[in-house]
Protein chains: 2
Amino acid sequence: MSTSSVRALEHPAREDIRLEGVLHALSDPMRLQIVRFLWQLGEDGEAPCSAIDLAITKSTTTHHFRVLREAGVINQVYRGTAKMNALRRRDLDVLFPGLLGAIQSADAIQRERDGHDG
Amino acid sequence: MSTSSVRALEHPAREDIRLEGVLHALSDPMRLQIVRFLWQLGEDGEAPCSAIDLAITKSTTTHHFRVLREAGVINQVYRGTAKMNALRRRDLDVLFPGLLGAIQSADAIQRERDGHDG
DNA sequence: ACGCTAATACGATAATCTACGTACTACGAC
DNA sequence: GTCGTAGTACGTAGATTATCGTATTAGCGT
């Protein structure tokens with residue numbers, strides 16, 4: 001017996017996403033880096049946790065992904081042995097139009113200013 | 001002898017304002033309330049700390065205003081016995097175009113959803 | 001069954017944050 | 001100078017957070 005994975009992950013419904021929670025989730029540099037990475041994958045892009053090279057241990061990485069998920073910023077699903085992550089762009093755009101885009105744009109401007117390429 | 005107040009307040013220069021800091025400052029409900037209030041005063045609007053009725057004590061209020069100032073979100077100047085506060089709209093708009101507006105808009109949408117009037 | 005890889009769970013620690021109360025300073029009015 | 005108002009400083013308590021290390025679970029391939 002084994003249908004496609006019993007392991008389910010709790011996500012807030014779109015209407016339960018709170019602005020304060022989203023802002024708090026994005027106010028950490030590591031999490032901002034995660035979101036930047038996912039954003040750059042484009043619409044519907046997704047990636048396993050391990051695809052992002054963060055300067056922290058795996059268990060801390062797990063923690064940050066969970067914060068993002070619980071705030072409603074990303075969606076996580078198990079796919080085989082990996083856990084795929086994707087930005088909840090559409091949900092956030094319906095809920096708070098322009099917010100995610102403005103933050104991404106601000107992040108890009110700041111990185112440019114800080115001397116990062118790309 | 002008394003020129004216009006020796007008491008000076010430290011503000012980050014525009015180029016020293018960090019996105020993470022702004023997001024963190026705005027991720028607290030009390031501070032979001034402060035910013036909402038200042039926003040509603042319109043361009044160049046300013047108000048003393050005491051103009052906002054927060055459900056916290058005076059010393060905690062001081063703390064929140066300081067967090068906002070140190071993050072670069074508001075400007076504070078002493079004016080007589082009061083301390084006037086104003087959003088740093090222009091600085092933020094130059095630095096991160098659209099960010100403050102998107103957050104304000106998201107805040108308004110969320111409050112509408114929560115059943116507040118206005 | 002065994003080993004590999006991806007990710008979680010748990011427990012600990014140190015830092016940060018919100019909030020409070022009390023004591024204090026600065027300014028204006030009297 | 002004295003009083004009232006606006007706001008600060010300081011110390012502290014309690015909660016949350018970021019980080020780690022180690023042990024563990026889930027799924028895939030052999």
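Order of the sequence lines fixes the chain letters, A, B, ..., with proteins taken first and strands second; residue numbering starts at 1 for each chain. Remember, predicted model here, so these are calculated numbers, not experimental data.
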Is any side-chain heavy atom of [X] closer than 4.5 Å to a side-chain heavy atom of [Y]?
X       : Y      : value
E70(A)  : E10(A) : no
Q104(B) : V35(B) : yes
W39(B)  : R89(B) : yes
V73(A)  : F65(A) : no
P48(B)  : R79(B) : no
F37(A)  : L41(A) : yes
R69(A)  : H11(A) : yes
C49(A)  : T62(A) : no

Expressed as a whole number of angstroms, how long is the span from [X]:[atom1] to [N]:[atom2]?
X      : N       : atom1 : atom2 : value
F65(B) : dA9(D)  : CZ    : P     : 15 Å
L54(B) : dT18(C) : CG    : P     : 13 Å
I52(A) : dA7(C)  : CD1   : C1'   : 14 Å
Y78(A) : dG27(D) : OH    : C1'   : 12 Å

Can you give one letter per nucleotide of nucleotides 15-23 of chain D, going 5' to 3': B for a protein heavy atom under 4.0 Å from the base, S for sugar-phosphate only, - for none? --SBBBB--

Looking at V22(B), L99(B), I103(B), which one forms a side chain to side chain contact (heavy atoms under 4.5 Å, CB included) with L92(B)? V22(B)

Are R90(B) and D44(B) within salt-bridge range, i.e. N to O under 4.0 Å?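 So R90(B) pairs with D44(B) through a salt bridge.
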
Is R79(B) close enough to dA6(D) that one of its side-chain N or O atoms is under 4.0 Å from OP1 or OP2 there? no

Any R66(B) side-chain nitrogen or oxygen under 4.0 Å from OP1 or OP2 of dA9(D):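 The answer is yes; a side-chain N or O of R66(B) sits under 4.0 Å from OP1 or OP2.
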
Nearest to side-chain heavy atoms of S50(A), which nucleotide of dG7(D), dA9(C), dA7(C): dA7(C)

I'd like to know if the side chain of D114(B) reaches the main chain of H116(B), judged simply by a donor and an acceptor atom lying under 3.5 Å from each other, with no hydrogens or angles considered. no

Distances under 3.5 Å only, N/O to N/O: pair up the protein atoms with those of nucleotides 1-5 of chain C.
none

Contacting residues from residues 34-42 of chain B, given that a heavy atom lies under 4.0 angstrom of DNA chain D: none

